[in-house]
Structure formats: structure tokens, C-alpha cells
Amino acid sequence: MNRRRRRIALVGVVALTAGLLLSAPESAEAANLVKNPGFETAGTDGMPYCWQKAGGGDNDVSYATVSDAHSGGKAMRVTLTRRVDGDRKALITESATCAPVVSFGRQYDLGLWYKTTTPDAGITLFRHDTATGWQYWADLKTLAMASAWTRATVRTPVVPAHTDRISWGVSVYGTGSATTDDYTMEPVRKSRWPARCTGTKGQCVDGSWSVLPTQNPVRSMHSVVLSNGKVLLIAGSGNSEEQFNAGTFTSAVYDPVKGTYKVIPTPKDLFCAGHVQLQDGRVLVMSGMKAYPVAGGHGYEGFKDSYVFDPKTETYSKTNDLNDGHWYPSATELGNGDVISFGGLREDSTGSVTAEKFSAAQNQWLPVSQVNQTWSYWGLYPSMILMQDGRLFYSGSHVFGNGTPGTGSAVYDYGANTITQIPGLQNKDERDQSASVMLPPAQNQRVLTIGGGNIDSNPDANRLTDLIDLKQANPSYVAGPPIPQGTVDLGAGKVAETGGQGKMYVSAVLLPDGKVLETGGALHNRADPVYESSLYDPNTNTFDPVAADPESRGYHSSAFLLPDGRVMATGDNPGNGTWNHNVSIYSPPYLFKGTRPKITSMINQEWKYGDTQRITVDRPVAKAELIRPAAVTHSSDPNQRFVDLPMSVSGNNVDLNVTSNPNLAPPGWYMLFAVDANGVPSVAEWVHLTGPSALSATVSPHVHAFAGSLRGKVSGPGRKRAAQPVSPTLSGCDRHYGSINVCVPTVFPPQVGKTAAARCRWLQRNHYGRLEVNGGDDPLRLDRDRDGIACGRADVTRR
């Protein structure tokens, strides 16, 4: 594709140079960058030269230079005798004199000798940003308990832009002591792994899309990548009046290796249910559709039933019921394996204010009395993202109409049962079917929200993006770079987007090279598909336009990562009620950049928090990560995350250091990718990260005190109530026209005139066909001759 490349950025940042991208870490250069690595030179405040006391929280700590040294005459001991929260550490002094200088794009091997009497200790890394100063960077490695001197090594992530120095040390976050000595820090020698284009020039820059020869047999709007590499595609009635009336409810299992589909019997209409993967790999599916709306009567209704899909048997089984109906509910797995759910519509089509909790230990939904309740209405598919301390961040992404009252985003503390408003989200009431993702890696606690619209007022969907850093004491959204514009089909062929035109129905997919693919979308409520895809780079805060999906992907579409590194896109359900059964596959540019690295062996598929797990690779890799498999619908997958695995490297043997914090990587199955310095990933291996029961009684997670000084409005539980009143037209569809799966918009796009003739021309251009009028009302004045058929010849010619 020989078109001009566009790069859109909020601020000027330095892009990764080709030389740095080609650098593959091998052995380290012998040059220790740590000053006073063995604590032999005395300093001030009772600390050795170039070392400082650090950390905080409610705990009792002592620092001591001791004679029990690994070499020389001194070592450093940090002891916690009482701890409620926080951590303490001896850290390289954060100063220009003491902190080692680092170079953008490089990696460094860190090492030390240690003894510990606590399992709650680990290597923690800080970096100096030339614009914002010193800040936490990452926890790198949990130290196993050791009574004798033990060597620990770990490699830093690639140094990001604007970082000139780093500091690091051992954090102690449990009672006991850590004694350390003989620190080392050595730059990793760079070597170049050949990167050659194996496709066309366009493929190597933009990637490429292909449309599969076999269509999706079901009208699926729910997509779940299973722990065996297959894909569960849930349709229920598939928004089809005929299938609903016939009681024909379907799902399919797609095998990406064989390219085949297997249609699965589905017990109930799981159309627009919620779903999440449990820690054992089964899929929990909650609620679904009890009834479609009736013209002049009730709206959509959600039932209380809940099911579990077992990938091994490819069958559904029933759980106990939810406490309320929840059509369009959220579903977020917590760090202990429980699932929490909010929002949706009840059995009487009002909004549910009942929070639901599925107990992993009891394998059932808990009664209302055992679940904290705020009696708040969170809307439909509210994006509730788990934070590293167990709180939930409501990003502002949702489905249908306006956002929640207040600022549009919030932090919900389940334990305290409080909601704190978070500022900064742009146009909060035009983020309907935007996408929100926790950016790679999850340790950075940054969330990106992309695009959106509003089906109530039906303006042009927007180009807005917003970023928030949840590590800040009082985080706030800041404006990100606008989404690149593509072409839009307004019914008479594709034209370039103009002005502020963007898209809703956005799909956002985390890729193994650390970028985010945003793709698909439409300009208006179930109309005017937008053809545009781009790669967002969290390191440079830029969008880079790439090849666009040739298929329309609006309402009820999904895109998700496959274990082989490709992206699959399905669905599209425009307002005329049709369905796009074509399936697209995107091969990102990294699949055209030469031979892929391979994970040649893996000692153990069962992983535990705080583990060090060894893999063998066929050549040097720059990073490794766990990516949670997708469970996506309606632009929403709040559980999607990319968890960095800091490495210790010895030749082709790579030890991967697993976080001790289940809130960063909730228990379950993950795709493990090893990625070379060109950003080329291996094919994924499957890893089962077991739940908090895997944490022994003596191990606790290292949880940081991020977002600890929120200044937004705080609210506690409101008055107990049954429901929230909701308009029966909340979907933006006027049910007085056509069958139940047809959506004539309650508000037409702004470019459409207000006359019956203009509206009917728009409906004709969008292939609505014959529209019978339901009941005696004609609120849009489309049946002016009152013959029971909207947009007939007399209706558009009548004055």
C-alpha cells in the first residue's frame, strides 16, 4: 500500500529508531553502573553513600548496615516488625550523582545477593522522567525466601522515551527482613537480529486483511477465545425475530487451526448477555433476553438465568439464578477469582440497580444480602476495569445514550462501598460504544478510552481519546491524540471523513508487541460504516493508520486476538436488520518481518503468583508477557489485559518473573508470548495462572498505594430501591416500524432532513425495505397516507 503514512500525536515524542527496534538482547557488557554496590562507603542519615531510605505506609521498620556480608565487611538489612500496609526499601539515591544513567531503548541486567526471612520481598524499579521527575516503574521479581546468600538477577524492560536515570532496590512488604549486598547493573549488549520483509512493502508497513472463505454460521455478537485456542461465538436469537419466535438459540465454536465451525445447542436466548472466563477456563454467561420490545409498550427485558460453558465438553450447564434480570450487564473478574456484575435491564425492562457477585469458592451467585450494594444504576455494559489494589475503575465507556450522572467516570471501592467521581473525560455523554482498555503493560495502570457517540441524539460519532494514569495520587483523564479518520459509506459509496467525524462501535485489541489495534466502527446509530484501522503505541502516544478491514463492522461486531498473533473480526448488524456473516482476519505488520521466535520448551503450564518460571527460546527475545484471552461484546472487554513478565536471561533459557499481585493478573488461562526486539511475537503457549489459593499463607501481593488521594465527589450507598426507570426506546430505535430486529432511528443523523421524504430516502439508501407500521401511532410521520406501510409512494409525495 503506497499511500502517505500519517502519524497523529498529542505531543511531540521521539519515535523508536530502527536500530533500537532491531536490537536483540544477548549477553551483558561487564560494567557495573551501581555506585557503592556493597555498602562499604558510609553516607548520611545512617545510610551508606548513594543509598536512601524509601517506602511508606503503616508499618514499623528498621534499617541497619550489618557485618553479615556476602563480600567485604558490610551489607544492608531492612526489617519490618509490624505491617498493616505499604512497604520499605533501601533504594539507590534518586540523584544525578548516584542514580545510574540509562539510554532510551536499552535494557539492563540487574543483580544482587540476598538473604530473606520473609517471602514478601522483591526488586522494585523507579525511573526519572525528564519532564515529570522520579516515578515508580515496575516490580521486577519476587525473591524466594533464603537463609543463605542467594543470587537474584532480572532484566529491566526497554527504557522508555524521556528516561535518563533509574533507581532500584529491594522492597519489603511483609514482616521479616531482607539482607542484601553486592548489587550489579550492566547494560545489555546489543546485537541485530535480521529483519527482512517477507511480504509486500504495504504488508510490512500496514499489515493486511483477508476475508475467510467460510462464513460464520450464527449471528454472533459475543466472542470468547477459549483456553484450547478455539473461539466461542454466542448468538442466542442473534437479534432475529424469526429465531426468537421459533425458540432457536445458537452458538458456534470456531477452530482457527482447521478453519471449521461447530454449531452448539444453546439453552436460552443469550443475546446480549454478559460473559467472563472463570479461573478454570469455563465461561460464565449471565442473563440474556427475555423479551424484545413492543411498540408503545415495554422495552427489552432481561432474565435471571445464568449458565456456564465448558470448553472441554462444548456444552452449557445452568448455575443458580442471578438476583435480578441483567440484559447488557458488566462482568469483571476480581483478583480472588470472584466475578462482579453491574447494570443491565430487569425482567420488567427497568434498569437494574442490583450488584451481583459470583463466588469462585462456592461456584454460585451470592444472595443480595452477601453483596455490597450502592443501589446505583451503572447503565448498560459499563466498562468496569480492575485496578491493582482491587478497586474498580469505571472508564465511562458504556452502551446506549448518555453516560452515568456526574463526571462520567469513577472509582468504585467495593470494600468501602464508595463511589468517587474521576474528572477529565471529554464529552462524557458521547462515549456510547466507545472502547476502553488497560494499556500494556497492566503494571503501568494506564487506561485509554477511544471514540464513541450517542444513539439518543445521534450526532456524528467522535474522534476523541482519553488517557488516565491510575498510578497518580489523584488521577484525571487527559485528552489523547484523535483517532485517525478513514472513509465512511453514507449510502452512496465511500467518502473521506471530515471535520470531527470519528466512530462508535470501536473494537480495541491488545497485541503482543505492546500496541493496540483499534478497528471497525460506524458514524451513526446502526448506520454509515467507517473503514479505518490504526495501531496505537502507548510508548509514543500516537496512532499509526494501517490497512482497514474491508468488511463493515458496526453494531454487534467484535475483534479479538488469536493465539497465533492474528486478529479476527466478526459481525455487523445495521439498522435494516441484516447481518454480516463474513469473517475477517488481520495479520499485523509484525507477521511480515521475518522468522518468528519460538518457545521451544516450557517446564510448567501451571503457574502461581510470585513464581519464577523457565522457558527456552530458539533465539534472543526482548520481552515476554501474558495476554488474557478475549471475552468481548459491544466494544466492551474490561478484563482484557497485557501483563509484563520481567526476564532473567541465560543464553536461550529465560526465567520469567510472575507478579505476586492477582489484581494485576486475575486467575485463569493466559496466552504467553515471547517477543523479539523487532516486535515479532512467537505463537502463544497457554499458561494457567491459578487463583489466590496458590498464594501460600506466608505470601502476600505487593500492592502499591496508587490513586490514594482522590479529590472527586464521594458517595456511599443510596436509598434501597427496586430499579431505575428507563425509557423503552433506550436502544435508539422506534419500534413502531418494521419487525423487532429492525431499528428505525428515533433521531436521524444530522445530515438527514426532517421531512418524511428526506427520512424515507435515507431509509431507502440503507436498504430498509418494506416497513409495516406497528399499532396506530406514527411518531416519525412516515405513514402520511395511513395505509399501514411507512415510506410508501404517497407518503413521500404527499404535501
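We number each residue from 1, following the sequence as shown.
Here the closest heavy-atom approach between residue Val546 and residue Asp206 is recorded as CB-O, 3.3 Å. Heavy-atom minimum distance, Val225 versus Leu561: CG2-O, 3.6 Å. When all heavy atoms of Ala461 and Ala522 are compared, the closest pair comes out as CB-O, 3.8 Å. The two residues Ser584 and Arg553 make their nearest non-hydrogen contact at OG-NH2, 2.8 Å. Across all non-hydrogen atoms, the minimal contact from Gly401 to Asp456 is CA-OD2, 3.4 Å. Closest heavy-atom contact between Val530 and Gly502: CG2-O, 3.7 Å.
Taking the side chain as every heavy atom from C-beta outward, Pro475 and Leu710 approach each other to under 4.5 Å. In this structure, the side chains of Met387 and Leu392 stay at 4.5 Å or more apart for every pair of heavy atoms. Thr350 is not listed as a side-chain neighbour of Gln724, based on a closest heavy-atom distance of 4.5 Å or more. The shortest distance between side-chain heavy atoms of Pro728 and His298 does not fall below 4.5 Å. Between Leu771 and Val744 there is a side-chain heavy-atom pair separated by less than 4.5 Å. In this structure the side chain of Pro745 never reaches within 4.5 angstrom of the side chain of Val747, judged on heavy atoms. Between Pro538 and Arg446 there is a side-chain heavy-atom pair separated by less than 4.5 Å. Using a 4.5 Å heavy-atom cutoff, the side chains of Cys791 and Gln764 are not in contact.
Here OG of Ser558 is found 9.0 Å from CE of Met221. Values are rounded to the nearest 0.5 Å. If you take OG1 on Thr354 and CZ on Arg721, they are separated by 9.5 Å, rounding to the nearest 0.5 Å. Considering NE2 of His524 and CD of Gln751, their distance stands at 4.5 Å, rounded to 0.5 Å. Residue Gln433 holds its CD atom at 10.5 Å from CG of Asn454, rounded to the nearest 0.5 Å. How far CD of Gln445 is from CG of Leu386: 8.0 Å, rounded to the nearest 0.5 Å. Residue Asn462 holds its CG atom at 8.0 Å from OG of Ser434, rounded to the nearest 0.5 Å.
Checked by atom type, the side-chain pair Asn216/Tyr254 shows no donor-acceptor distance below 3.5 Å. Side-chain polar atoms of Asn239 and Asn573 form a donor-acceptor pair below 3.5 angstrom. Remark: the Glu333 side chain and the Asn639 side chain contain no N/O donor-acceptor pair separated by less than 3.5 Å. Residues Thr449 and Tyr477 have side chains that bring a donor and an acceptor to within less than 3.5 angstrom of each other.
Applying the salt bridge (Lys or Arg N to Asp or Glu O under 4.0 Å) test to every pair with at least one member in residues 572-586, sequence neighbours left out, gives no pairs at all. Evaluation of the salt bridge (Lys or Arg N to Asp or Glu O under 4.0 Å) test over residues 729-755, restricted to residues two or more places apart or in two chains, returns none. The salt bridge (Lys or Arg N to Asp or Glu O under 4.0 Å) pairs that include a residue from residues 485-502 number zero, where partners must be two or more places apart or lie in different chains.
Shown here is Arg781, whose CZ atom has no more than 12 heavy atoms of other residues, nucleotides or ligands within 6.0 Å. Other residues, nucleotides and ligands place no more than 12 heavy atoms under 6.0 Å from the CZ atom of Arg711. Around atom CD of Gln215, more than 12 heavy atoms belonging to other residues, nucleotides or ligands sit under 6.0 Å away.
In this structure, His398 has its ring center at least 6.0 angstrom away from the ring center of Tyr381. In this structure, Tyr555 has its ring center closer than 6.0 angstrom to the ring center of His634. In summary, the aromatic rings of Tyr412 and Phe393 are positioned with their centroids too far apart to meet the 6.0 Å limit.
Between Tyr394 and Trp378, the ring-plane angle classifies as perpendicular under the 30° and 60° cut-offs. Taking the six-membered ring where tryptophan is involved, the planes of Phe271 and Tyr292 are essentially parallel, since the angle between them stays under 30° and well short of 60°.
A search for side-chain hydrogen bond (donor to acceptor under 3.5 Å, both in side chains) contacts involving Glu242 returns nothing, not counting sequence neighbours. Residues forming a side-chain hydrogen bond (donor to acceptor under 3.5 Å, both in side chains) with Thr420 (at least two apart in sequence, or on another chain): none. Taking the side-chain hydrogen bond (donor to acceptor under 3.5 Å, both in side chains) definition, one finds that Asp778 meets it with Tyr737, sequence neighbours left out. With sequence neighbours excluded, the residues that form a side chain to side chain contact (heavy atoms under 4.5 Å, CB included) with Ser383 are Ile385, Ser395, Ser397, Ser436, Pro638. For Arg346, the salt bridge (Lys or Arg N to Asp or Glu O under 4.0 Å) criterion is met by Asp324, Asp348, not counting sequence neighbours. Checked against side-chain hydrogen bond (donor to acceptor under 3.5 Å, both in side chains), Arg219 has no partners two or more places apart in sequence or in another chain. A search for side chain to side chain contact (heavy atoms under 4.5 Å, CB included) contacts involving Pro441 returns Gln443, Asn444, Phe642, Asp644, not counting sequence neighbours. In terms of the side chain to side chain contact (heavy atoms under 4.5 Å, CB included) criterion, residue partners of Ile585 (sequence neighbours excluded) are, by chain and number, Ser210, Leu212, Leu562, Arg566, Met568.
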Chi angles and distances behind the side chain to side chain contact (heavy atoms under 4.5 Å, CB included) call for His222, Leu233: CA-CA 6 Å; His222 307 273; Leu233 301 165; over 6 Å; no
Steps toward side chain to side chain contact (heavy atoms under 4.5 Å, CB included) verdict (Ile234, Val285): CA-CA 10 Å; Ile234 304 174; Val285 185; 4.1 Å; yes
Verdict with reasoning, Thr407 to Gln421, per side-chain hydrogen bond (donor to acceptor under 3.5 Å, both in side chains): CA-CA 6 Å; Thr407 61; Gln421 299 294 314; 3.2 Å; yes
Side chain to side chain contact (heavy atoms under 4.5 Å, CB included) assessment of Leu345 paired with Tyr328: CA-CA 7 Å; Leu345 298 186; Tyr328 276 60; over 6 Å; no
Check against side-chain hydrogen bond (donor to acceptor under 3.5 Å, both in side chains), Asp269 and Ser237: CA-CA 6 Å; Asp269 192 1; Ser237 66; 2.9 Å; yes
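Checked by atom type and distance alone, the side chain of Gln501 pairs as donor or acceptor with a backbone atom of Thr498 at under 3.5 Å.
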Can you list, pair by pair, the side-chain donor-acceptor contacts under 3.5 Å of residues 508-518, counting residues two or more places apart and other chains?
unit_1: Asp513; atom_1: OD1; unit_2: Lys515; atom_2: N; d: 3.1
unit_1: Glu518; atom_1: OE1; unit_2: Lys503; atom_2: NZ; d: 2.8
unit_1: Glu518; atom_1: OE2; unit_2: Ser534; atom_2: OG; d: 2.5

